[in-house]
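What follows is a short report on a single structure.
Since we're looking at a predicted model, the values are computed, not measured.
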Amino acid sequence: MYMTKDLIKLLIAEYQTYVSQIELIPRDVELVDGLNYVFVGLRHAGKSYLMFQRIAQLIEQGHKKEEILYFNFEDDRIDFLEVNDLDLIKTCYEEMYDSRPIFFLDEIQLVDRWEKFARRLADQKYQVYITGSNAKMLSSEIATTLGGRYMIHEVYPYSFQEYLNAGGIDIHEKNAIFTSGKKIVKLANTYFQHGGLPETVGMKEPRSWMSNLFSKIFFGDLVARYRIRNDYALRVMIRKMAESVKQPLSYNRIAGIVSSTGKKLSTDAVIDYVEYMSETWLILPYENLYGKLQDKESNRKYYFTDNGLLHLFLVDANTSLLENIVAITLRRKYGDGCYFWNSKNVEVDFVVPEEELAVQVSYSMADADTFKRETDGLIKLSSVQQIKKMMVVTMEEESIVEKDGFHIELVPLWKWLLRF
């Protein structure tokens, strides 16, 4: 099949009506007028809705609905689209309207060689917004083609403040914590257990929805896209990485764990699979700040981009979910400037050097050995790394610890999350 002008014009008009009628819960994102953007992130993290939010902002600024050229490349009516058809979309729009279009190209990475079209639009001074669900959109080859003409914006699941806002609580309202405290704590537990993907807000039982989402990521974004033959080994690998989410894992270690289940997996395959999982935003790799260059690449921690996805693989989940949600929150705030520290004498869960911040994660500090281990790790780290702020994120406990001249804050998860 091939694209016809009649179909394209029908879609352009249909999409314009659709995007102008969407009810939005605004996200805390600021975009600069006049710049082109590529939104990247996990499936259903809210990339398209960020586009819709931007469309609403532009219309509020005085732009006409007819100026909006939104196109969804996941539409099954155009699953045969080729790169040459991209120019036809532009031509059809120009036959319909006299306005200069603002392009919103949703999941355009499904069209091979899309980046040259995007580059040409930017060169011709069109305003362009693009979404994609895999980090391969940011590969060095594509980045070279785009030539610095686009800003990259990583889209994560809701922050806790955004999650509360979607649940009807504005944390910035006066006395919000006092008047809605019980509901905030309750929503914090739901957020902790099921994650922050926007569509799960208010769901009574999001687990089945999350399971379906994982199937789409597994079969669509991983197995099909990368032509993986050993899909059983990949599934085992994902489960084992989820079970080991708090521990550094080398490629050799992952290969050994999977192979011990009876399904052989080479170290080279593990390296490829980890890259694919990162490219689909299923996992967030963390490097060891202490490690040598080789160790930084080959012996990392792997967290999941959403707690709801991680929870699918765990039975006794709470301690892993707690560390995972801290990892997501720090990555959303500080990007690649977050690490862990693991040396012979010092173990600290998270370090943010630019903020001189060190964070331990402990479900409870009531046990004396746990208290000593977590606080000693922070204090020892301060002797080899500049640290001004030390804290332990707990599930419920809250206090200030003065130890060996150091000030360590114990903060419950829900209060910690409200800071971001």
Problem - Parallel, tilted or perpendicular, as decided by the 30° and 60° cut-offs, for the rings of Tyr158 and Tyr163 - result: perpendicular
Fill in the blank from the handout: Taken in chain and number order and not counting sequence neighbours, the residues that satisfy ring-ring contact (aromatic ring centres under 6.0 Å, His included) with Phe117 are none
Exercise for the section: Kindly assign one of parallel, tilted or perpendicular to the pair Tyr37 and Phe39, based on the angle between their ring planes and the thresholds 30° and 60°. Expected result: parallel
Problem - CG (Asp316) with more than 12 external heavy atoms under 6.0 Å - result: no
Practice task
Return each pair, listed once, that meets salt bridge (charged side-chain N to carboxylate O under 4.0 Å, His left out) where at least one residue sits in residues 15-42; pairs must be two or more places apart or across chains.
Solution key: Arg27-Glu162, Asp33-Arg54
Practice task
Scan side-chain atoms only and decide if Tyr339 and Asn288 contain a donor-acceptor pair under the 3.5 Å cut-off.
Solution key: no
Practice task
Taking the six-membered ring of Tyr126 (Phe, Tyr or Trp), confirm whether the NZ or CZ of Arg100 is under 6.0 Å from its centre and within 45° of its axis.
Solution key: yes
Exercise for the section: May I ask you to say whether Glu323 pairs ionically with Lys301, meaning some side-chain N is under 4.0 Å from a carboxylate O? Expected result: yes
Exercise for the section: Go through the steps for Lys246 and Thr319 under the test side chain to side chain donor-acceptor pair (under 3.5 Å), then give the verdict. Expected result: CA-CA 9 Å; Lys246 297 178 292 184; Thr319 57; 3.0 Å; yes
Handout entry: With sequence neighbours excluded, residues passing salt bridge (charged side-chain N to carboxylate O under 4.0 Å, His left out) with Lys333
Key = none
Exercise for the section: Would you kindly say whether Glu107 and Gln109 are connected by a side-chain donor-acceptor distance under 3.5 Å? Expected result: yes
Exercise for the section: State plainly whether the residues Glu67 and Lys64 are in salt-bridge range, i.e. N to O under 4.0 Å. Expected result: no
Problem - Candidates Glu397, Glu398, Glu409 - the one meeting salt bridge (charged side-chain N to carboxylate O under 4.0 Å, His left out) with Lys415 - result: Glu398
Exercise for the section: Sequence neighbours left out, what pairs pass salt bridge (charged side-chain N to carboxylate O under 4.0 Å, His left out) with at least one residue falling in residues 186-213? Expected result: none
Practice task
Any pair with a residue in residues 210-220 that passes salt bridge (charged side-chain N to carboxylate O under 4.0 Å, His left out), sequence neighbours left out, goes on the list, sorted by first then second residue, please.
Solution key: none
Practice task
Determine whether the side chains of Gln193 and Tyr191 contain a donor N or O and an acceptor N or O closer than 3.5 Å.
Solution key: no
Handout entry: Cation-aromatic face contact Arg419/Phe160, 6.0 Å, 45 degrees
Key = no
Practice task
Go through the steps to decide whether Phe350 and Tyr303 satisfy the test ring pair (Phe, Tyr, Trp, His ring centres under 6.0 Å), and finish with yes or no.
Solution key: CA-CA 12 Å; Phe350 299 102; Tyr303 298 98; 5.6 Å; yes
Exercise for the section: Name all pairs fulfilling the salt bridge (charged side-chain N to carboxylate O under 4.0 Å, His left out) condition that reach into residues 361-388, sequence neighbours left out, sorted by first residue then second. Expected result: Glu356-Lys388, Lys372-Asp376, Asp376-Lys403
Handout entry: Arg253, CZ atom: more than 12 neighbouring heavy atoms under 6.0 Å
Key = no
Practice task
For the residue pair Trp341 and Tyr290, categorise the inter-ring angle as parallel (less than 30°), tilted (30 to 60°) or perpendicular (more than 60°).
Solution key: tilted
Practice task
Mind listing the closest non-hydrogen atom pair of Phe340 and Asp349 along with its distance?
Solution key: CB-O, 3.0 Å
